[in-house]
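So you know, we letter chains A, B, ... as the sequences are listed, proteins then strands, and number each from 1.
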4 protein chains.
Amino acid sequence: MSGSLRRTIGSRQDTERSLAFLLAFGAAMQGTPKPLRPRKSPRQKRSSDTRERIVQAAARVFVEHGYAAGTTNRIAEEAGLSIGSLYQYFPNKDALLLELTHRHIEEGRQVVVAALERGLPSDCNDRVALFVDTALEAHRGDSRLHQVLFEESPRPPALLAELHTLQNALVDTIAELLSAAPDVDFSDARLGAWFLVSTTESLTHRYFADRPTSDITVFREELITLLTAYLRHERTNEPTAGGS
Amino acid sequence: MSGSLRRTIGSRQDTERSLAFLLAFGAAMQGTPKPLRPRKSPRQKRSSDTRERIVQAAARVFVEHGYAAGTTNRIAEEAGLSIGSLYQYFPNKDALLLELTHRHIEEGRQVVVAALERGLPSDCNDRVALFVDTALEAHRGDSRLHQVLFEESPRPPALLAELHTLQNALVDTIAELLSAAPDVDFSDARLGAWFLVSTTESLTHRYFADRPTSDITVFREELITLLTAYLRHERTNEPTAGGS
Amino acid sequence: MSGSLRRTIGSRQDTERSLAFLLAFGAAMQGTPKPLRPRKSPRQKRSSDTRERIVQAAARVFVEHGYAAGTTNRIAEEAGLSIGSLYQYFPNKDALLLELTHRHIEEGRQVVVAALERGLPSDCNDRVALFVDTALEAHRGDSRLHQVLFEESPRPPALLAELHTLQNALVDTIAELLSAAPDVDFSDARLGAWFLVSTTESLTHRYFADRPTSDITVFREELITLLTAYLRHERTNEPTAGGS
Amino acid sequence: MSGSLRRTIGSRQDTERSLAFLLAFGAAMQGTPKPLRPRKSPRQKRSSDTRERIVQAAARVFVEHGYAAGTTNRIAEEAGLSIGSLYQYFPNKDALLLELTHRHIEEGRQVVVAALERGLPSDCNDRVALFVDTALEAHRGDSRLHQVLFEESPRPPALLAELHTLQNALVDTIAELLSAAPDVDFSDARLGAWFLVSTTESLTHRYFADRPTSDITVFREELITLLTAYLRHERTNEPTAGGS
DNA sequence: CATGAATGAGGCTTCATTCAT
DNA sequence: CATGAATGAAGCCTCATTCAT
């Protein structure tokens, strides 16, 4: 596996704002045979049942009330235990957020892993479709939680760094696929990868927020069309007139 | 106003999340010379530059600390004023946010108006370029503030409604242009408009956050390429295999 | 419930201003064993004597400083608690006031209930004496608190409505007794009842504030005299000369 | 003039709460030939027109908003001048309250003076009627302002002392009249006077708040009846059974 | 480990009052 | 004397977190 983790990413703090779900794509593709967990039991043994309840409760509360109004007390109540107990499992509110974010990404990874188990298609179009389907699948879960996690909440620097890493991994992976593909011709494969990833992620996220069409398959087709058109486009290097 | 699937847009709460800058495009193109706000009344004397100081301070503080940690006291301090003075100019924190949002949109509108005064290009490519340039120009200001305003902060219902209206205006306008264009062929012009607007907005916003390339003209070319490829794509109606 | 000009009372906002203590008389006489409030739920454990401490502290603070200067922080301090704890027991300052008011009325009711358990006297004079004694007993507690509660503080509409109801009950009850009495002759029994109630309440309240005589039995005798004279007075219907 | 200003009054701070209007009665009766001002021009020369406007504005604002919500800024606005100017005429909010209170009493005095110029009636009944009419007349002006002034507002100690003096003067004056009257027989004339004054004042005040009857003349008759019955009552010295 | 009462820093906002012009 | 911008103490209330039981 070649150039991963190049920190092309600028200094702006919020780059990775909403790539989260797809980040998993990168993680999964790079490590397809290296799943973080032996993906076996649906309920991992690492966490007590109580811890699980808290996480679920936090997700529900954040979805319903947003980050600011999602108080630890409310979460404890929703989880059916005392605030004191909650703090026995998580040292603070940020830790909850962190856990939720990790799970979010992990869930995305599972989606991708499942897809890849059926084999990565060889046809470019099919790969794009798979990519889009993965994004849709990952977002379907809870677009509102996604928003709370990646837009509304303050993210601690540690999480920020982690997300940077994941995002870069994804972009790099896609860039490699692009470089290897015979039928596309990018002068800057990494930038192309960034466009693909960003477009897919953004539009998918927006779809669930805006619902520009009620038929999700229509949206899916259109997004695939957009991405395919971009990939297939014959590139010239004459700059467009004007410019900022 | 001709055909276009107006109001197809669902009731989801976050549609207008980040279209903000471009919203002005729609408003301006529909020839709206009516400013969104009474154009900041000249007020008495010139003491109203205190108001200006507050707004600027608020922008800086929100950019640096985000919405939640951007306290009114911090803003007052940043403006070099007592908290009491701040409240003589703005009735509450939300009013500051509102002012900032309106200015944001208004600034975008100015960019568009300036562009249109030089005439709407007849060539499709040039139109796309103008669209992208406008988005870039509008975003150049402060993408982090944009994020705070449209993603992180709670937006009052009144503002939400206003943004919806503007967004619809923009999408409708683009949809009409698409319908009238001889060389593109959309089965659903409004959805196509939504894709164009969303893609442009999202990617522009992300560009300033991520800086996937340090040369903005490279980014600009690539985005134009993406949009043009999408517009030019020959459409078939055979659904892609798979699907979610 | 027989004759009586029920609901003649106007809509003016302050009717129930200071009848509070006696209101219980009406409630009790109409045989209302239903307590005004769920009888202060036993709550959990015994930590609810914290609640008691707060209420007592609030009473002391309001008595000493009045409503406006009786700040929640002062009350918390007086109760030996942090401000946060106070707000765990009462959602806001008004709730404290409400609790105090209800207790005030409830205490009055207890006084009356105790009196009635010894039977309502048949002799008119004795009834008047009982009435006066009840008022004195009820007011003995704290006339300054009474004033804060019923004159100085803003009363929420819900409380206002409740007090109206209670006051009307009292006046109606007295009016019926007057109608049924053989030795008195009122053209308007309800107005007579209003005079009796208002006079008793006002003078009792004032007694504790003014102490026009240090011997409370002297005051008691005089008030009974006043009320009895009023009841016994032979009524004519010739209006007095003059008038406003 | 005999025993005036005896400080029988207890230490409770709020005795004089609402006697205000009638206080003037005492003042006027004692000093009938000594009016505070040569009662000539309707607008005294002592105050500038501006000061007058402020006082009127304060009255209106307090009536409409109550004491707490009657801010100095609102008063200045209502008076049509700047807050700075207001503070050139009154050193603080309390001073406004003081002025208003003094005027309130003075207005009451004017009512009494006017009445007395027509001569104090010799008949006891007529005197009672005059007393009641005076109280009604004084209260008619603004019962809500009265309430703000004497119940809702914090009164500075200086004002408290002043009111004490006035109230005592009134009670003493009435006590003297009672002592001199042939047809009444009080063992404690001062206590009797206190009853008369307190009853009249309280019930009148309550009448305007409660409106137990819409016909003011009915109320007037009944109050006269009450007071007359009290004065005429044949007194025995056997204490009533019971007692607190 | 669970509980939930207690804590208190800190946020938003008001308003009497001052002061430079 | 008028003006009104500026001040800042102080009030109400929230909520993440701690700690005694």
**Student:** dA2(F) P sits how many Å from Asp49(D) CG, rounded?
**Tutor:**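 Value for this atom pair: 12 Å.
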**Student:** Under 3.5 Å, which donor-acceptor pairs do the side chains of residues 60-67 of chain D form with other protein atoms, sequence neighbours left out?
**Tutor:**
| unit_1 | atom_1 | unit_2 | atom_2 | d |
| --- | --- | --- | --- | --- |
| Arg60(D) | NE | Glu78(D) | OE2 | 2.6 |
| Arg60(D) | NH2 | Glu78(D) | OE2 | 3.2 |
| His65(D) | ND1 | Val61(D) | O | 3.4 |
| His65(D) | NE2 | Arg74(D) | NH1 | 3.4 |

**Student:** What residues, two or more places apart in sequence or in another chain, satisfy salt bridge (Lys or Arg N to Asp or Glu O under 4.0 Å) together with Glu152(C)?
**Tutor:**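 Glu152(C) satisfies salt bridge (Lys or Arg N to Asp or Glu O under 4.0 Å) with Arg144(C) only.
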**Student:** Judged by each residue's nearest nucleotide on DNA chain F, which is more toward the 5′ side, Asn73(D) or Thr71(C)?
**Tutor:** Asn73(D)
**Student:** Can you find a pair of side-chain heavy atoms, one from Arg155(D) and one from Leu97(D), that are under 4.5 Å apart?
**Tutor:** no
**Student:** Taking all non-hydrogen atoms of both residues into account, name the closest pair between Leu81(D) and Thr50(D) and its distance.
**Tutor:** CD2-CG2, 3.3 Å
**Student:** Are Glu99(B) and Arg51(B) packed together at the side-chain level, in the sense that at least one heavy-atom pair is separated by less than 4.5 angstrom?
**Tutor:**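 A side-chain contact under 4.5 Å exists here.
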**Student:** May I have the distance from Asn92(C) (atom CG) to dC13(F) (atom P), rounded to whole angstrom?
**Tutor:**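 The distance from CG of Asn92(C) to P of dC13(F) comes to 5 Å, rounded to the nearest Å.
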**Student:** Return the value, rounded to whole Å, for the distance between atom CD of Glu52(C) and atom P of dA5(E).
**Tutor:**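 Going from CD in Glu52(C) over to P in dA5(E) covers 16 Å.
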**Student:** Take the protein atom CG of Leu96(B) and the nucleotide atom P of dC12(E), then report the distance between them rounded to whole Å.
**Tutor:**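 Interatomic distance, CG of Leu96(B) to P of dC12(E): 10 Å.
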**Student:** If you find the nucleotide of DNA chain E closest to Lys93(D) and the one closest to Asp94(B), which residue's nucleotide is nearer the 5' end?
**Tutor:**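 Of the two residues, Asp94(B) wins.
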**Student:** For dC1(E) and Tyr89(A) - does any side-chain N or O of the residue sit under 4.0 Å from the phosphate oxygens OP1/OP2?
**Tutor:** no
**Student:** Check DNA chain F against residues 74-84 of chain B and give the residues with a non-hydrogen atom under 4.0 Å, in numerical order.
**Tutor:**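 Result for residues 74-84 of chain B: Leu81(B), Ser82(B), Ile83(B), Gly84(B), sorted by number.
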**Student:** Report the residues that fulfil side-chain hydrogen bond (donor to acceptor under 3.5 Å, both in side chains) with Gln56(B), sequence neighbours left out, ordered by chain and then residue number.
**Tutor:**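 Counting only residues at least two positions away or on another chain, Gln56(B) forms a side-chain hydrogen bond (donor to acceptor under 3.5 Å, both in side chains) with Glu52(B).
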**Student:** Who passes side-chain hydrogen bond (donor to acceptor under 3.5 Å, both in side chains) against Ser85(B), sequence neighbours left out?
**Tutor:**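 Testing Ser85(B) for side-chain hydrogen bond (donor to acceptor under 3.5 Å, both in side chains), a comparison that skips the adjacent residues, returns Ser82(B).
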**Student:** With nearest nucleotides of DNA chain E determined for Gln88(B) and Leu86(C) from heavy-atom distances, which residue corresponds to the more 5′ nucleotide?
**Tutor:** Leu86(C)
**Student:** Is any side-chain heavy atom of Thr72(A) closer than 4.5 Å to a side-chain heavy atom of Phe90(A)?
**Tutor:** no
**Student:** Could you check whether Phe90(D) gets within reach of a base, just the sugar-phosphate, or nothing at all, counting any heavy atom under 4.0 Å?
**Tutor:** nothing
**Student:** Base, sugar-phosphate, or nothing for Thr72(D), non-hydrogen atoms under 4.0 angstrom?
**Tutor:**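 Base, at least one base heavy atom under 4.0 Å.
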**Student:** Compare the minimum distances between each of dC15(F), dT17(E), dA2(F) and the side chain of Thr50(D), then state the nucleotide with the smallest one.
**Tutor:** dA2(F)
**Student:** Within the pair Ser85(A) and dC1(E), is there a side-chain N or O less than 4.0 Å away from OP1 or OP2?
**Tutor:**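 No, because none of the side-chain N or O atoms of Ser85(A) sits under 4.0 Å from OP1 or OP2 of dC1(E).
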**Student:** Using OP1 and OP2 only, check whether a side-chain N or O of Tyr87(C) sits under 4.0 Å from dT14(F).
**Tutor:**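 Result: no.
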**Student:** Identify the stems formed by DNA chain E, where each pair is Watson-Crick or G-U wobble with both distances under 3.5 angstrom and a stem is at least 3 consecutive pairs.
**Tutor:** E:2-21 with F:2-21
**Student:** Side-chain contact test, heavy atoms from C-beta onward, threshold under 4.5 Å: evaluate it for Val55(B) versus Tyr89(B) and give yes or no.
**Tutor:**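 No - every pair of side-chain heavy atoms lies 4.5 Å or more apart.
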**Student:** What is the distance from CZ of Arg53(C) to C1' of dA6(E), rounded to the nearest Å?
**Tutor:** 10 Å
